[in-house]
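Naming: A, B, ... by sequence-line order, numbering from 1 per chain.
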2 protein chains.
Amino acid sequence: METVRLGILGMGTVASGLINIIEFNNSKITGTLNKELSVSKVLVKSLDKKRNVNLPQEVYTTDPYEVINDENSHIIVELIGGINPAFEYIKAALNNKKHVVTANKALIATHGEELEELAEKNQVKLMYEASVAGGIPIINTMTDNLCSNEITSIIGIINGTTNYILTQMTENGLEYEQAVKNAQALGFAEADPSSDVEGDDAAYKLTILSTIAFGQRINVKDVPKEGITKISKEDISYAKELGYNIKLLASASRDGNEIELRVHPAFVPENHPLSTVKNEYNAVYLKGNAVGELMLYGKGAGSLPTGSAVLGDVINIVKAVSAASSLSPKKENRYVVANKAYKQYYIRFEVIDKPGVLAHIANIFGKNDISLASVVQRQKNGDETAPLVFITHEAPRSKIDAALAEIKNYEKVTKIASIIMVENFK
Amino acid sequence: METVRLGILGMGTVASGLINIIEFNNSKITGTLNKELSVSKVLVKSLDKKRNVNLPQEVYTTDPYEVINDENSHIIVELIGGINPAFEYIKAALNNKKHVVTANKALIATHGEELEELAEKNQVKLMYEASVAGGIPIINTMTDNLCSNEITSIIGIINGTTNYILTQMTENGLEYEQAVKNAQALGFAEADPSSDVEGDDAAYKLTILSTIAFGQRINVKDVPKEGITKISKEDISYAKELGYNIKLLASASRDGNEIELRVHPAFVPENHPLSTVKNEYNAVYLKGNAVGELMLYGKGAGSLPTGSAVLGDVINIVKAVSAASSLSPKKENRYVVANKAYKQYYIRFEVIDKPGVLAHIANIFGKNDISLASVVQRQKNGDETAPLVFITHEAPRSKIDAALAEIKNYEKVTKIASIIMVENFK
């Protein structure tokens, strides 16, 4: 089987995520591509450091040009971050006719135009899905699936640090400073959080998204920025009282021949999907003139989600440059179809309203190894019966049915009115 | 400029959406592809019918094989629906070495395997993004961006009719029968709604999604189905009381070598993103072993959203089969960057707690053409001041600032504590 080799610049959390996914999802990847993926060279700061990835020592080098000029590498993945020296490295790779995948938002937002022209000149691909919103495939969704749409607005929660801080302030009534400390303790905020809390990180990402959405090069300087440092407990409680959540939004909209861009805290109605985006999660909500409203929600950072986005770009490049792209991956029967329905259940009975009925039914559930999460008992229905509602803990449907068969024979139960599964997303 | 010609089978709502998008987004599409898209032939039932699309009369035909065998057509788009005769038509098109795009969930769920093998044998593409969840690009997201992930679970709200009915029952306390009548009146439910309310439509879609997710051909008969016809007002009110919404879920999950599939009503925790999916909207929530949680939300049906998905497949085919795919679309300066910030605003003052203060401030807003949406007045802060909170109606930020400059000079205002934009998603 043909092998596609990656040269990786940088060995941080995203790089280790990428390398680990290539290893543990190898069969899925090769099954899709009919090609092997392997890592030929990795730029590191030090050769001695112990690493949590499974690569032979000889792939590591401290010389970037050993990666960039490696004749065995087809695709260079830049994961150093920052503008210099990443900018020089990517230009060199493109000029070497290597495809480039990067997660570098600052670089793409600042020099994306020059790099895209260079890729075009060299007839290679430059992809940067991971530069915005981690694992959420918002860039490829706009460039591929929505490329027949004129995008009229994009509103994103695309900075996990600030969203975590605001969520903690909202749910635990914390003041800003305390929420920042907690975020730092949990690794959701840097020791110096300014690029997140002042909105710079979100502004870079919005610059990339709006350049794609509007087909016009946007300058990060065109994005007015307001961070979350002035948001107080009071404002958050007034927001709640008035039916809103405060979120840091990165928004871009078009009206006629004008576009407006902005990173700023905003009141978001509590019934809007963006209001359910909590803690470190990200989401991008957009409107296209054909698709209408669309929202993508997921993990905006982290080793595996961001590695997944990088690998998605790598695979899209391999598909685009190989005839194999027209083959659909083989379907093999790897799994058997089961029907255990091991879940929580909501069960509503109608019972004769007499003492001991609840205890008797609860007892039958217990005998069948079904424990109960909640019970609601109501007054009479008007006749001598009353509704009795249970939510069970997780149990296989077979045991639920066994218990219900027994309960059915209990003369105080006039009706098993409903059984509905509870989806707890475990 | 080279032209890509489409032959379209069927002239219903999705076809007219597709044709209209090609017309009104023509510059965006050609800018992306460096190719023209045009419609060469359309299969219709009657040649005389008046249509809401702008095509020359000679493209219409009542003979399917005039479309399928048209030498000018590169891609055949099947939008008849149902298994026969669509199955025969698509087989004929693939055997003619034409790429095929279809929105036909019943056909793909039932005969997808045979059709994919036929496409592979003829080295052409078969794409069906529009067959599941309308404008939501869930299929391409799984096959492209997530194809390095092992998908462990998919939970979808993929039938708009039932979601509309359940939302109406929840929000307006309607009984099932009344909600169905309303849905029918608004065109969200068919005269005979059984294929939606019994779960058949969702089962077809889940079959397609899980076949892709698990890389294993799933048979629609393997999907246990339970519809929403037995859901009562009582169950919905108990669900609310216990912190849940009832949704019709299409779920597929993998545990070791077992997979479970199911279409069924379920309790969904009210703080989960799927709980905010209301009325005719769809969403698919999935977990991948690299990307983690991901949710896509949008319009699951309709002329333009579904037409957008069909066109996305068409464009992906054109990109995949042409070198032009490696070129990034030209960026031209079509728009000027403005900064009107014409929005609603939340403004919190601290004021001396005396009669007439609220009226005086409200009056200054009025003089600046700013009308007020809500006001919250609170008791004293402990000193002689009190918080005073306004949410304005929409106004340009410049007018807000002008009003605030005046209000600042009002001696009863001790502080303008905060100004935060309200995002109302208009």
Side-chain angles (χ1 to χ4, degrees), chain A residues 21 25 28-29 32 116 120 125 135 137 140-141 144-145 147-148 150 215-217 222 235 238 257-260 264-268 273 276 290-299 304-305 308 311-312 315-316 320 325-328 331 333-338 346 389 418 420-423, chain B residues 21 25 28-29 32 116 120 125 135 137 140-141 144-145 147-148 150 215-217 222 235 238 257-260 264-268 273 276 290-299 304-305 308 311-312 315-316 320 325-328 331 333-338 346 389 418 420-423:
Chain A
I21 298 166
N25 286 349
K28 174 79 186 287
I29 295 165
T32 303
E116 286 192 335
E120 194 165 326
K125 286 179 165 286
N140 292 334
T141 295
D144 294 347
N145 305 299
C147 66
S148 72
E150 292 281 2
Q216 167 167 334
R217 186 61 56 182
D222 291 335
D235 294 321
Y238 282 113
N257 75 326
E258 291 183 333
I259 54 180
E260 286 199 49
H264 62 112
F267 276 36
V268 174
T276 63
V291 75
E293 296 169 70
L294 191 69
M295 186 176 97
L296 279 64
Y297 164 97
K299 294 210 163 140
L304 293 177
S308 170
L311 195 45
I315 291 173
N316 283 332
S325 66
S326 70
L327 308 179
S328 62
K331 309 276 192 305
N333 287 353
R334 300 187 291 172
Y335 308 118
V336 297
V337 176
Y346 157 92
V389 166
S418 35
I420 302 175
M421 185 186 282
V422 176
E423 179 54 67
Chain B
I21 299 166
N25 286 350
K28 176 79 187 286
I29 295 165
T32 303
E116 287 192 335
E120 194 165 324
K125 287 178 165 286
N140 293 333
T141 295
D144 294 347
N145 305 299
C147 67
S148 73
E150 292 281 2
Q216 167 169 333
R217 186 61 55 183
D222 291 335
D235 294 322
Y238 282 114
N257 75 327
E258 291 184 333
I259 52 181
E260 286 200 48
H264 62 113
F267 276 37
V268 174
T276 61
V291 75
E293 297 168 72
L294 191 68
M295 186 175 97
L296 279 65
Y297 164 97
K299 294 214 162 134
L304 293 177
S308 171
L311 196 44
I315 291 172
N316 283 331
S325 65
S326 70
L327 308 178
S328 63
K331 310 279 193 304
N333 286 352
R334 301 188 289 173
Y335 309 117
V336 297
V337 176
Y346 157 93
V389 167
S418 35
I420 303 175
M421 184 186 285
V422 176
E423 179 53 69

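- Taking B:Ile315, B:Leu311, B:Asp222, B:Val337 one by one and counting their heavy-atom pairs under 4.5 Å with chain A, the maximum is reached by B:Val337.
- With chain A as the partner, the residue from B:Leu304, B:Ile259, B:Asn140, B:Leu294 showing the most heavy-atom pairs under 4.5 Å is B:Ile259.
- Your options are A:Thr141, A:Thr276, A:Val336, A:Ile29, and the one with the most heavy-atom pairs under 4.5 Å with chain B is A:Val336.
- Contact record, A:Glu150 with B:Tyr335: OE1-OH, 4.0 Å, taken as the closest heavy-atom pair.
- By number of non-hydrogen pairs under 4.5 angstrom with chain B, the leading residue of A:Pro305, A:Ser148, A:Ala266 is A:Ser148.
- With chain A as partner, the option from B:Pro265, B:Gly312, B:Ala290 having the largest number of non-hydrogen pairs under 4.5 angstrom is B:Ala290.
- By number of non-hydrogen pairs under 4.5 angstrom with chain A, the leading residue of B:Lys299, B:Arg217, B:Arg334, B:His264 is B:Arg334.
- Exactly one of A:Val291, A:Asn145, A:Asp144 qualifies for a side chain to side chain contact (heavy atoms under 4.5 Å, CB included) with B:Pro137. That residue is A:Asn145.
- Contact of A:Val422 with chain B is made through backbone and side chain together, with heavy-atom distances under 4.5 Å.
- In terms of heavy atoms, A:Glu260 sits closest to B:Ala338 at CG-O, 3.4 Å.
- By number of non-hydrogen pairs under 4.5 angstrom with chain A, the leading residue of B:Asn316, B:Val268, B:Asp235, B:Ile21 is B:Asp235.
- Looking at B:Leu296, the atoms closer than 4.5 Å to chain A (heavy atoms on both sides) sit in the backbone and in the side chain alike.
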